[in-house]
Amino acid sequence: MAKLDIGPPDYKKNLPPVITKNYGQWKYHDYVKPGVLRHVAKSGDVLYSIRAGSPRLVSNDFIRDICDMADMYCNGYLRFTSRNNIEFLTDDEAMIEPLIAACEAKGLPVGGTGHSLSNIVHTQGWVHCHTPATDASGIVKAVMDDLFEYFKTDDLPARLRVALACCLNMCGAVHCSDIAILGVHRTVPVIDHEIIRKGTEIPTLVASCPTGAIRPDPKNKSVVIRDESCMYCGNCYTMSPGMQIMDPENDGIAILVGGKVSNARSLPMFSRLVIPFLPNNPPRWPETVEAVRNIVETWIRHARDGERVGEWIERIGWERFFTLADIPFSDKCIDDYIFSRETFRTTAAFKY
Ligand code: SF4
Ligand code: SF4
């Protein structure tokens, strides 16, 4: 096949030689200390990964710096995890401590493995995207500053995965994280008929609405919205900037808990809504920071060893969770979408 000049290169070309040699032949991995994993192959070969936090939105200079560190300590091999941690990969045990020292000297904390808080995965926020109901990096910075102690130690009851998505299109992992911070719109888009008339494909715009709330308005060469059918998803804004969804007064944050991807001990779980609305309050988002810390500390106080947030809540019951965490229950927490939980596949196993 002809070589293309677009798309990523074949990842196998960039693997460290020890991974290429032992591809598919790894026996187990264990934790050496916070931030350091050891992977052992059937052949006896060993690979160490040293995990450091990253700020997620990074500059060219930052990438050059970490590449220089990888060149110096691990033959240039590093990767980013799905939660935006940087992992330096080396088969030379003697490089672990110098690499950790170099990371710390650059201000990159080493940790996030085992029973600790991993980097918070997040989306684009006000910096880049067009439909955010909240910011991304700013909130994550404030929350992570507050929970930082849990990144560098591994004595939590279990892994702790926090995610942020700045709208419910959810480019983050909020559906499957222990604690999820989700940007929510709460008002129907305001239509700018002039913009719609100037350059919107009306059939595409109508088709973009998942609830069928948008109808053509041929007289005006525009559209109308049936307010009671709108779920404030912002999908229509993607089709036309004439469907203004942003609302500074009413946009904000919802908190969900109890999701996980892992198949270990229990099936993967979806997160569920526990706090329907917190205001956008930059630059330090105190309400959100406090809400997340409260949930983390309640979990630490009451969970058994090895219990993820969702597993703990399933054991004690959701009612008790709301009591222990002192979170008021709201009718917004009731999932009345009758087609979801019974039919969603949440495991790798087939269901007929
Ligand atoms: Fe954009 Fe929504 Fe993704 Fe945020 S979660 S980057 S607002 S699509
Ligand atoms: Fe439809 Fe979503 Fe737009 Fe509401 S915000 S009109 S539900 S596409």
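- Proximity of a side-chain donor or acceptor of Ser330 to a complementary backbone N or O of Lys332 within less than 3.5 Å is detected.
- The existence of a salt bridge linking Arg293 and Glu149 is confirmed by a sub-4.0 Å separation between a basic side-chain nitrogen and an acidic carboxylate oxygen.
- Judged by distance alone, the side chains of Asn22 and Ser43 do bring a donor and an acceptor atom under 3.5 Å apart.
- Tyr77 is listed as a side-chain neighbour of Pro17, based on a closest heavy-atom distance under 4.5 Å.
- Salt-bridge annotation for Asp10 and Lys13: absent, with no side-chain N of the basic residue lying under 4.0 Å from a carboxylate O of the acidic one.
- Atom CE of residue Met243 and atom SG of residue Cys230 lie 8.0 Å apart, to the nearest 0.5 angstrom.
- Between Glu287 and Asn281, the shortest heavy-atom distance links the atoms OE2-ND2, 3.0 Å.
- Within the 3.5 Å criterion, the main-chain N or O of Thr131 finds a donor-acceptor partner in the side chain of His185.
- When atom types are taken as modelled, the side chain of Asn235 and the backbone of Ser208 share a donor-acceptor pair closer than 3.5 angstrom.
- Within a 6.0 Å sphere centred on CE of Met231, heavy atoms belonging to other residues, nucleotides or ligands number more than 12.
- Under the 6.0 Å distance and 45° angle rule, Lys12 counts as a cation-pi partner of Tyr23.
- Side-chain contact annotation: Thr134 with Asn280, donor-acceptor N/O pair under 3.5 Å present.
- At least one donor-acceptor pair under 3.5 Å links the side chain of Thr123 to the backbone N or O of Cys166.
- Legend: residues meeting side chain to side chain donor-acceptor pair (under 3.5 Å) with Trp26, ordered by chain and number and at least two apart, are absent.
- Contact record, Ser116 with Gly112: OG-C, 3.1 Å, taken as the closest heavy-atom pair.
- With a 6.0 Å radius and a threshold of 12 heavy atoms from other residues, nucleotides or ligands, Arg320 has its CZ atom at or below the threshold.
- Nearest heavy atom pair, residue Glu311 against residue Gly306, reads OE1-O, 3.5 Å.
- Under the side chain to side chain donor-acceptor pair (under 3.5 Å) criterion, Thr153 pairs with Asp155, not counting sequence neighbours.
- The closest side-chain heavy-atom distance from Ile50 to Ile96 is below 4.5 Å.
- The backbone N or O of Asn294 lies less than 3.5 Å from no partner atom in the side chain of Glu297, so there is not a single donor-acceptor pair.
- Proximity of a side-chain donor or acceptor of Asn220 to a complementary backbone N or O of Ser222 within less than 3.5 Å is not detected.
- Sorted by first then second residue, the side-chain hydrogen bond (donor to acceptor under 3.5 Å, both in side chains) pairs that include residues 159-176, not counting sequence neighbours, are Tyr31-Arg159.
- Ring geometry, Phe321 versus Trp312: the interplanar angle exceeds 60°, so the pair is classed perpendicular (tilted spans 30 to 60°).
- The neighbour count for Glu228 CD, taken as heavy atoms of other residues, nucleotides or ligands under 6.0 Å away, is above 12.
- Lys260 and Ser266 are linked by a side-chain donor-acceptor pair at a separation below 3.5 angstrom, with hydrogens and angles left out of the test.
- Between Lys141 and Asp145, at least one side-chain N (NZ, or NE/NH1/NH2) sits under 4.0 Å from a carboxylate O, which counts as a salt bridge.
- Annotation for Glu201: atom CD does not count as buried by contact number, only 12 or fewer foreign heavy atoms lying within 6.0 Å.
- The main-chain N or O of Trp126 is found under 3.5 Å from a side-chain atom of Asp135 such that the two form a donor-acceptor pair.
- Taking a cutoff of 4.0 Å between a charged side-chain nitrogen and a carboxylate oxygen, Lys33 and Asp154 do not qualify as a salt bridge.
- Put simply, the side chain of Ser54 gets close to the backbone of Asn84: a donor and an acceptor are under 3.5 Å apart.
- The only member of Leu15, Ile86, Asn14, Leu89 that meets side chain to side chain contact (heavy atoms under 4.5 Å, CB included) when paired with Arg79 is Leu89.
- Val140 places none of its side-chain heavy atoms less than 4.5 Å from the side chain of Arg56.
- The existence of a salt bridge linking Arg186 and Glu249 is excluded, since no basic side-chain nitrogen approaches an acidic carboxylate oxygen closer than 4.0 Å.
- Within the model, atoms CG of Leu164 and OG of Ser177 stand 10.0 Å from one another, a figure rounded to the nearest 0.5 Å.
- Ser229 and Arg226 share a side-chain donor-acceptor pair at under 3.5 Å.
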